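These figures come from a predicted structure and were not determined experimentally.
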Amino acid sequence: GVDLFINKKINNLSIWGSYSYQDINYEFRTLQSKSFTNNYNLNHSFNLGVAYTVKNFKMATGFKWHTGKPTTNPVFGNEIINDVINYEPANASNLPDYFRWDFSLTHNFKIKETINIQTGLSLWNISDKRNAINKYYRFTDVNFPEEVIQNSLEFVPNLVFKVTF
């Protein structure tokens, strides 16, 4: 794989970005499919963030994008053989691409010389994108594989109140 990271600070502005490429495969000599993609292989991953600080306020935004995780689907048109799900080769397919955009705003101040307060608001997944992070299959009442998709959190607002003494 390859990882690239860039970070630049100009006065109160900080910008960073990263890109990763990976191609990780399992190899098992005793299995029918001797080589297949690692369960957590993300061929391409890109992150970008920007933060700006003025006085005791800090604003930051960033996004994360990566190709979908590998997954194994039933063979289309031949999903069941002998009451068992008939799968394609291991990790031969991928989930849809993942995308998330976040924003945060924090404010720091002192009450006394030894007591610091931080308040803030963060908004996760501003675009409210429904990101599939896992998929599996189970039988339904009609003996047909039902696809079950597990998604990441959709839009989530958060508040923070932190006291340090």
Side-chain angles (χ1 to χ4, degrees), residues 1-9 13-51 58-106 118 120-160 162:
V2 174
D3 290 313
L4 300 170
F5 183 78
I6 297 171
N7 187 1
K8 179 68 176 169
K9 186 167 174 136
L13 181 68
S14 180
I15 302 167
W16 64 95
S18 68
Y19 170 77
S20 294
Y21 169 77
Q22 60 184 358
D23 187 16
I24 305 168
N25 292 299
Y26 290 125
E27 290 191 25
F28 297 99
R29 293 185 182 111
T30 57
L31 294 180
Q32 185 176 12
S33 294
K34 295 192 184 319
S35 178
F36 56 93
T37 304
N38 179 291
N39 295 349
Y40 299 101
N41 187 60
L42 302 174
N43 287 120
H44 303 280
S45 178
F46 182 71
N47 296 288
L48 181 65
V50 177
K58 184 174 189 176
M59 292 183 296
T61 190
F63 75 84
K64 176 181 191 119
W65 169 88
H66 62 71
T67 52
K69 281 177 43 180
T71 190
T72 306
N73 295 322
V75 173
F76 183 73
N78 197 16
E79 291 86 356
I80 305 293
I81 294 179
N82 297 327
D83 297 325
V84 175
I85 299 175
N86 179 32
Y87 288 101
E88 65 185 10
N91 292 341
S93 297
N94 288 77
L95 295 173
D97 289 359
Y98 178 99
F99 176 80
R100 194 176 100 197
W101 174 33
D102 302 330
F103 172 83
S104 69
L105 174 66
T106 58
Q118 181 184 55
L121 167 71
S122 63
L123 306 173
W124 294 352
N125 196 8
I126 293 170
S127 61
D128 203 23
K129 175 127 171 34
R130 187 177 206 117
N131 289 300
I133 57 173
N134 194 22
K135 179 169 67 169
Y136 63 92
Y137 293 86
R138 63 183 177 203
F139 278 114
T140 63
D141 292 339
V142 293
N143 200 25
F144 192 80
E146 174 188 25
E147 179 181 74
V148 178
I149 297 176
Q150 296 172 317
N151 293 302
S152 66
L153 292 174
E154 294 178 27
F155 174 73
V156 178
N158 291 288
L159 295 173
V160 64
K162 178 179 169 184

Taking the six-membered ring for Trp, are the ring centroids of F139 and F144 within less than 6.0 Å of each other? no
Measuring from H66:NE2 to N41:CG, what's the distance to the nearest 0.5 Å? 11.5 Å
If I take atom CG from residue L95 and atom OG1 from residue T67, how far apart are they, to the nearest 0.5 angstrom? 10.0 Å
Between the main-chain N or O of F99 and the side-chain N or O of N131, is there a donor-acceptor pair closer than 3.5 Å? yes
Taking side chain as C-beta onward, heavy atoms only, is T61 less than 4.5 Å from W101? yes
Is there a donor-acceptor contact under 3.5 Å from the side chain of S14 to the main chain of K9? no
Just distance, no hydrogens or angles: give the donor-acceptor pairs under 3.5 Å from side chains in residues 149-157, sequence neighbours left out.
residue: Q150; atom: OE1; partner: N134; partner atom: ND2; Å: 2.7
residue: E154; atom: OE2; partner: R130; partner atom: NH1; Å: 3.2

Within the supplied structure, the quantity of interest is the number of heavy atoms (other residues, nucleotides, ligands) at a distance under 6.0 Å from I6 CD1; does it exceed 12? no
Under 3.5 Å: donor-acceptor pair, side chain of N94, backbone of G68: yes
With R29, which residues qualify under salt bridge (charged side-chain N to carboxylate O under 4.0 Å, His left out), at least two apart? none
Quick one, I80 and P145 - any side-chain contact, counting heavy atoms below 4.5 Å? yes
Can you name the residues that form a salt bridge (charged side-chain N to carboxylate O under 4.0 Å, His left out) with K135, not counting sequence neighbours? E147
Look at atom OH of Y40 and say whether more than 12 heavy atoms of other residues, nucleotides or ligands are closer to it than 6.0 Å. no
List in chain and number order the residues that pass ring pair (Phe, Tyr, Trp, His ring centres under 6.0 Å) with F103, two or more places apart in sequence or in another chain; answer none if no residue qualifies. none
For F76, the side-chain contact (heavy atoms from CB on, under 4.5 Å) test, sequence neighbours excluded, returns E79
Looking at OG of S104 and CG of N158, how far apart are the two atoms once the value is rounded to the nearest 0.5 Å? 10.5 Å
Rounding to 0.5 Å, atoms CG (N39) and OG1 (T37) come to a distance of 9.5 Å
I want to check something: taking the side chain as every heavy atom from C-beta on, are R100 and D102 in contact at a cut-off of under 4.5 Å? yes
So how far is it from R138 CZ to E146 CD, rounded to the nearest 0.5 Å? 4.5 Å
Pair E88-T72, side-chain donor/acceptor within less than 3.5 Å: no
Please check if the side chain of N43 supplies one atom and the backbone of Q22 the other of a donor-acceptor pair under 3.5 Å. yes
With sequence neighbours excluded, residues passing ring pair (Phe, Tyr, Trp, His ring centres under 6.0 Å) with Y137: none
Taking the ring of Y26 and the ring of F36, is the distance between their centroids below 6.0 Å? yes
For F46, does its backbone N or O pair with a side-chain atom of K64 as donor and acceptor, under 3.5 Å? no
So OG of S18 and CG of L48: to nearest 0.5 Å the spacing works out to 8.5 Å
Just so I know, are the side chains of W65 and D97 near enough to count as touching, which here means a heavy-atom distance under 4.5 Å? yes
Is N82 reaching over with its side chain to a backbone N or O of V84, donor-acceptor style, under 3.5 angstrom? no
